[in-house]
Amino acid sequence: MKLHLSSYFWILITILGLIQTFRLNFVSTRDLRQANEKDNWFLKQKQDTIPAKLVHAGLRNATQMGDSAANIFYFIQVSDLHISKFQPKGHTIHFLHFLQSTLPVIKPEFVVVTGDLVDAKDQTRTVSAQHPEEWQVYKSAVEQGANTTKWYDMRGNHDCFDLVDWQAENNMYKTFGESAKLLDDGKGVYSWQVSKSFGEYNFVVVDSCPKKGPSRPFNFFGYLTTNTMNRLVSKIMSNSYNHTFLFSHYPTTTMLTGKSTEGYTFGDLANHFSIYFCGHLHRLTAGLGDVLKSYSKSTDSLELELSDMKDHGSYRIIAVDHDMISFVDIDLPIDEIPPALAEETIPLTETNKIVWPKKIKPAPVILITNPKDSRFTMPSKEPLQNVRKSSHIRFLVFTEYEPTELRIKVFMDDKHHPFPAKFVGSMKDNMPLWTTLWEPNDFDDYSTHTLRIEVTSPDGQTGTSQVPFRMDNMRMKIQGGVGEWVIWSNMAKLVSDEKKK
Ligand SMILES: *[C@@H]1O[C@H](CO)[C@@H](O)[C@H](O)[C@H]1NC(C)=O
Ligand SMILES: *[C@@H]1O[C@H](CO)[C@@H](O)[C@H](O)[C@H]1NC(C)=O
Ligand SMILES: *[C@@H]1O[C@H](CO)[C@@H](O)[C@H](O)[C@H]1NC(C)=O
């Protein structure tokens with residue numbers, strides 16, 4: 001067969017095109033492989049960061065967990081607010097209800113927003129642009145609706161649409177973001193510590209927006225460049241904390257991660273933090289409160305993606321009780337939330353005061369902290385032996401009513417638990433802790449049991465929470481669906497990369 005001359009020409013063009021594609025890909029991902037000194041967030045890595053061994057919580061002697069309101073604190077994560085000047089339903093109005101009706105009832109230690117603060121789209125939802133009004137609504141709402149709460153935030157892909165770089169005029173997070181200074185001073189990574197009489201806890205945020213934010217859909221993926229990895233290594237690889245938590249916008253499946261100058265991968269870091277909290281994918285998976293989980297043979301750390309505030313009114317309460325971590329994902333009662341009027345999608349007065357919607361009354365929210373939910377156990381990071389030695393079931397109940405006004409029912413494997421629940425916390429100290437006596441040895445039979453708690457408030461609303469638990473510290477397989485598999489396989493890949501080194 002003889003090819004026509006023009007065929008050779010087109011083959012040549014195709015080959016040149018392919019070469020150019022590879023070259024561009026190589027150049028554009030260079031920051032994932034080596035530190036970029038020209039990046040205005042460049043920081044020379046100290047050479048003396050030697051990763052230390054974790055204190056193995058699994059080897060600690062058990063602490064007797066009883067009915068004292070000690071050794072416990074809790075915080076909130078929300079994600080994907082998408083404050084919008086165009087959308088009357090969901091979006092802004094969900095966030096305002098969260099601030100007005102939920103936050104004052106829960107009174108967390110702090111709130112973390114894992115990105116996508118604004119929607120940054122036009123009316124037709126096709127063109128992206130940063131709108132100052134949306135940013136002003138976010139800033140005013142946090143200032144006026146959460147002014148007694150510590151607040152941490154970060155950028156998501158929507159907050160970086162159309163940005164050239166951090167210095168860009170339209171990087172509005174720089175002006176309106178609550179943690180903009182922390183993020184800038186920390187060159188894309190910042191952290192804070194919660195110091196309690198019973199332990200030290202470390203919280204790390206990483207901005208994984210592409211440094212030169214393209215417009216959508218090209219910034220669906222996040223990046224951890226070598227510069228960023230260097231900073232993460234210095235914040236995370238430490239053994240002086242009971243737990244380290246990492247927050248970013250992107251799940252690891254949608255993140256391209258580089259190596260630190262010393263060669264540490266994200267998989268190496270995963271051994272040193274307990275949970276990676278993220279958002280971004282909204283509601284990808286079915287069931288299980290849309291929790292995604294990742295694990296592998298060499299780390300039992302969890303990756304937990306949270307559903308969005310924008311459409312589902314979702315938020316997450318995380319409690320650390322005697323170093324065991326529990327969480328519950330709750331949706332606002334969105335059927336009770338009427339959309340804003342079309343002319344009120346920017347709920348601001350002329351002096352930037354928020355025009356708050358009418359309050360709603362959500363049902364009581366319950367977070368069970370002992371026994372620990374066996375879908376999310378981390379045997380190397382939590383002292384799970386505490387559960388067997390405990391004398392009481394422990395749970396938090398969040399509601400605006402007094403403890404004496406609540407009706408509490410406890411069911412064990414669908415049977416009424418024989419002991420009454422008792423309020424042992426303190427409303428004054430924001431610790432709504434309840435306990436009830438139990439005998440953990442009765443459940444030490446290598447099978448899975450179910451604890452269900454129902455709380456009814458005087459207005460007739462009932463909140464329910466249920467956890468599967470086991471006494472043998474085994475982690476149950478969770479039915480996370482496609483999302484779980486995707487994240488699992490990615491994490492496995494990160495960890496196998498680490499082994500190849
Ligand atoms: C646990 O308790 C035993 C007996 O009291 C003691 O010998 C041991 O050192 C303790 N281990 C730890 C890790 O504290
Ligand atoms: C906090 O917000 C509330 C409600 O908007 C307001 O009444 C109060 O004055 C604010 N306090 C401060 C210190 O800004
Ligand atoms: C925190 O870690 C220290 C050191 O390992 C340990 O002694 C302490 O009991 C831990 N705190 C809790 C609440 O378990």
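One-based numbering, in listed order, for ligands and for the atoms of each. Because the structure is a prediction, the values reported are computed rather than measured.
- Of the polar atoms of Phe198, at least one N or O is found under 3.5 Å from an N or O of ligand 3, judged by distance alone.
- Phe73 and Phe203 have perpendicular rings, their planes meeting at more than 60° on a 0 to 90° scale where under 30° would count as parallel.
- Less than 4.0 angstrom separates some heavy atom of Asp323 from each of these atoms of ligand 3: 1 (C), 10 (C), 11 (N), 12 (C), 13 (C), 14 (O).
- Scanning for side-chain contact (heavy atoms from CB on, under 4.5 Å) contacts around Lys389 gives Ala62, with sequence neighbours left out.
- For Asn71, no nitrogen or oxygen atom sits less than 3.5 Å from a nitrogen or oxygen atom of ligand 3, counting backbone and side chain alike.
- If you check the side chains of His249 and Thr114, you find no donor sitting under 3.5 Å from an acceptor.
- Rounding to the nearest 0.5 angstrom, the gap separating the NZ atom in Lys310 from the CZ atom in Phe95 is 15.5 Å.
- Some N or O of Asn242 is nearer than 3.5 Å to an N or O of ligand 3, by distance alone.
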